[in-house]
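Take a look at the structure set out below.
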Amino acid sequence: MNAMVKAEGVHKSFGQIEVLKGIDLEVAPREVFCLIGPSGSGKSTFLRCINHLEKISAGRLYVDGELVGYRQKGDRLYELKDSEVALKRRDIGMVFQRFNLFPHMTAVENVMEAPVQVKGETRATARARALQLLDQVGLGDKAGNYPSQLSGGQQQRVAIARALAMDPKLMLFDEPTSALDPELVGDVLDVMRQLAEDGMTMVVVTHEMGFAREVGDALVFMDDGVVVESGHPRDVLTNPQHDRTKSFLSKVL
């Protein structure tokens with residue numbers, strides 16, 4: 001069975017600064033894969049490479065057995081056209097730190113927009129599905145509210161529903177709770193827990209160690225653009241082997 005995500009020697013540089021220095025990892029289908037590490041360690045950059053929001057500088061990155069952003073002919077890689085990249089990106093949902101909702105649209109309109117515009121669904125079909133998804137994230141009663149009328153946690157749950165509306169095979173979460181007030185974090189994590197139980201493959205950049213321990217199937221600690229340590233979340237968090245991991249966890253746990 002193909003890995004859902006496979007990175008082989010992935011490098012990423014911004015000018016002279018090398019942010020990813022050879023990342024090798026695999027995410028199995030239905031797995032909740034957590035990335036932890038200090039700010040600036042390359043976690044979010046790696047996440048953005050998975051759906052080609054950032055182009056990798058070297059290496060290979062596959063999603064569901066297909067190269068991300070390129071096709072291979074012989075030994076050479078050819079970059080895909082933007083339209084081809086966009087087509088593949090439809091299969092990958094992404095939830096950012098900031099919710100990025102359209103302020104002039106209600107919650108239900110935010111969720112139904114992409115299926116209508118990108119997949120060509122009828123507004124009626126998209127709306128019915130959007131209402132169902134808002135219900136799923138506990139916001140069935142907020143469908144007609146605008147983002148400004150919702151708390152941060154509610155906006156983030158709308159953003160999750162919006163990503164799910166495209167029926168992705170993979171969900172990427174970039175520190176989805178870090179911009180939220182502490183009392184709003186739980187509702188968002190509950191939605192993510194439910195997704196995990198439903199079998200969604202998820203790659204989660206997070207500072208929520210409790211979530212990683214309870215829900216994660218695999219965990220990677222990154223620092224300075226490399227994978228320092230990886231394993232089952234409970235093992236890494238309770239018995240880290242590497243000094244850098246120990247030092248980081250002593251500050252956050």
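Note on L172: it clusters hydrophobically with L53, by side-chain heavy-atom contacts below 4.5 Å among ILVMFWY residues. Taken together through direct or relayed side-chain contacts under 4.5 Å among Ile, Leu, Val, Met, Phe, Trp and Tyr, V68 and L80 form parts of separate hydrophobic clusters. By the criterion of side-chain heavy atoms lying less than 4.5 angstrom apart, applied directly or through intervening Ile, Leu, Val, Met, Phe, Trp or Tyr residues, L164 is not grouped with L170; the two fall into different hydrophobic clusters. Cluster membership check: V236 does not share its hydrophobic cluster with V215, using side-chain heavy-atom separations under 4.5 Å among Ile, Leu, Val, Met, Phe, Trp and Tyr. In this structure, M200 is a member of the same hydrophobic cluster as I160, with clusters built from ILVMFWY side-chain heavy atoms closer than 4.5 Å.
Looking at every heavy atom in both residues, D141 comes nearest to G138 through OD1-O, 4.3 Å. For the pair Q97 and S178, the tightest heavy-atom approach, listed with the atom from each and the gap, is NE2-OG, 2.8 Å. Contact detail for G42 and L20: the closest heavy-atom pair is O-CD2, 3.4 Å. In terms of heavy atoms, A163 sits closest to G93 at CB-CA, 4.1 Å. Nearest heavy-atom pair, A161 versus L134, reported as atom, atom and distance to 0.1 Å: CB-CD2, 4.3 Å. Smallest separation of non-hydrogen atoms from P38 and D223: CG-OD1, 3.3 Å.
Annotation: side chain of Y70 is not in contact with side chain of R60 (no heavy-atom distance under 4.5 Å). No side-chain heavy atom of L77 sits under 4.5 Å from any side-chain heavy atom of R71. Looking at I36 and L249, their side chains come closer than 4.5 Å, going by heavy atoms from C-beta outward. Side-chain atoms of R193 and V32, non-hydrogen and from C-beta on, never get closer than 4.5 Å to each other. The side-chain heavy atoms of L35 and V204, taken from C-beta on, include no pair separated by under 4.5 Å. Inter-residue side-chain proximity for L189 and T177 is flagged as met; some heavy-atom pair is nearer than 4.5 Å. The closest side-chain heavy-atom distance from M171 to T201 is not below 4.5 Å. A 4.5 Å side-chain heavy-atom check between K21 and D224 finds at least one atom pair inside the cut-off.
Summarising the geometry, atom OG belonging to S151 is positioned 5.0 Å from atom CG belonging to L184; distances are rounded to the nearest 0.5 Å. To the nearest 0.5 Å, atom NZ of residue K88 and atom CG of residue D64 are 10.0 Å apart. Atom-to-atom distance recorded for S57:OG and H11:NE2 is 9.0 Å, nearest 0.5 angstrom. Atom OG1 of residue T238 and atom CZ of residue R213 lie 7.5 Å apart, to the nearest 0.5 angstrom. Between the CZ atom of F99 and the CG atom of L180 there is a distance of 5.0 Å, given to the nearest 0.5 Å. Annotation: the span from M202 atom CE to F173 atom CZ amounts to 4.5 Å, rounded to 0.5 Å.
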Go through it in stages, so that I can follow the logic: the residues are F211 and V185, the test is side-chain contact (heavy atoms from CB on, under 4.5 Å), and I'd like the CA-CA distance, side-chain angles, deciding distance and then a yes or no. CA-CA 11 Å; F211 174 84; V185 167; over 6 Å; no

Hey, mind stepping through F248 and F221 against ring pair (Phe, Tyr, Trp, His ring centres under 6.0 Å) and telling me if it holds? CA-CA 9 Å; F248 172 75; F221 170 66; 5.2 Å; yes

Is there a side-chain hydrogen bond (donor to acceptor under 3.5 Å, both in side chains) between E18 and S13 once you walk through the steps? CA-CA 4 Å; E18 197 177 19; S13 298; 4.7 Å; no

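Between R129 and E121 there is no salt bridge, since no side-chain N of the basic residue sits under 4.0 Å from a carboxylate O of the acidic one. No salt bridge links K142 with D135; every basic N to acidic carboxylate O contact stays at or beyond 4.0 Å. A salt bridge links R48 with E54: the closest approach of a Lys/Arg side-chain nitrogen to an acidic carboxylate oxygen falls below 4.0 angstrom.
One N or O on the side chain of D24 and one on the backbone of G9 form a donor-acceptor pair closer than 3.5 Å. No donor-acceptor pair under 3.5 Å is formed between the side chain of E197 and the backbone N or O of G199. Within the 3.5 Å criterion, the main-chain N or O of K81 finds a donor-acceptor partner in the side chain of E84. With hydrogens and angles disregarded, a donor-acceptor distance shorter than 3.5 Å links the side chain of T122 to the backbone of T125. A donor-acceptor distance shorter than 3.5 angstrom exists from the side chain of K43 to the backbone of G37, with no hydrogens or angles considered.
Counting only N and O atoms by type, the side chains of T206 and E175 include no donor and acceptor under 3.5 Å apart. Residues S44 and D174 have side chains that bring a donor and an acceptor to within less than 3.5 angstrom of each other. In this structure, a donor-acceptor pair under 3.5 Å is absent between the side chains of D190 and Q194. Inspection of the K251 and S247 side chains reveals an N or O donor paired with an N or O acceptor under 3.5 Å.
Dense packing is recorded around NZ of K119, with more than 12 heavy atoms of other residues, nucleotides or ligands lying under 6.0 Å away. For CZ of R127, the number of neighbouring non-hydrogen atoms (other residues, nucleotides, ligands) closer than 6.0 Å is 12 at most. Applying the 6.0 Å contact sphere to CG of D82 captures no more than 12 heavy atoms from other residues, nucleotides or ligands.
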If you look only at distance, which donor and acceptor atoms sit under 3.5 Å apart when one is on a side chain in residues 225-233 and the other is two or more places apart or in another chain?
unit_1: E229; atom_1: OE1; unit_2: Q241; atom_2: N; d: 3.2
unit_1: E229; atom_1: OE1; unit_2: H242; atom_2: N; d: 2.8
unit_1: E229; atom_1: OE1; unit_2: T245; atom_2: OG1; d: 2.8
unit_1: E229; atom_1: OE2; unit_2: Q241; atom_2: N; d: 2.7
unit_1: H232; atom_1: ND1; unit_2: R234; atom_2: N; d: 3.2

Could you tabulate the donor-acceptor pairs under 3.5 Å formed by side-chain atoms of residues 110-118, not counting sequence neighbours?
unit_1: N110; atom_1: OD1; unit_2: F102; atom_2: N; d: 2.8
unit_1: N110; atom_1: ND2; unit_2: F102; atom_2: O; d: 3.1
unit_1: N110; atom_1: ND2; unit_2: M105; atom_2: O; d: 3.1
unit_1: N110; atom_1: ND2; unit_2: T106; atom_2: O; d: 3.2

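A cation-pi arrangement, defined by a distance under 6.0 Å to the six-membered ring centre and an angle within 45 degrees of its axis, is present between K12 and F14.
The stretch residues 149-165 participates, sequence neighbours left out, in these salt bridge (Lys or Arg N to Asp or Glu O under 4.0 Å) pairs: R157-D187.
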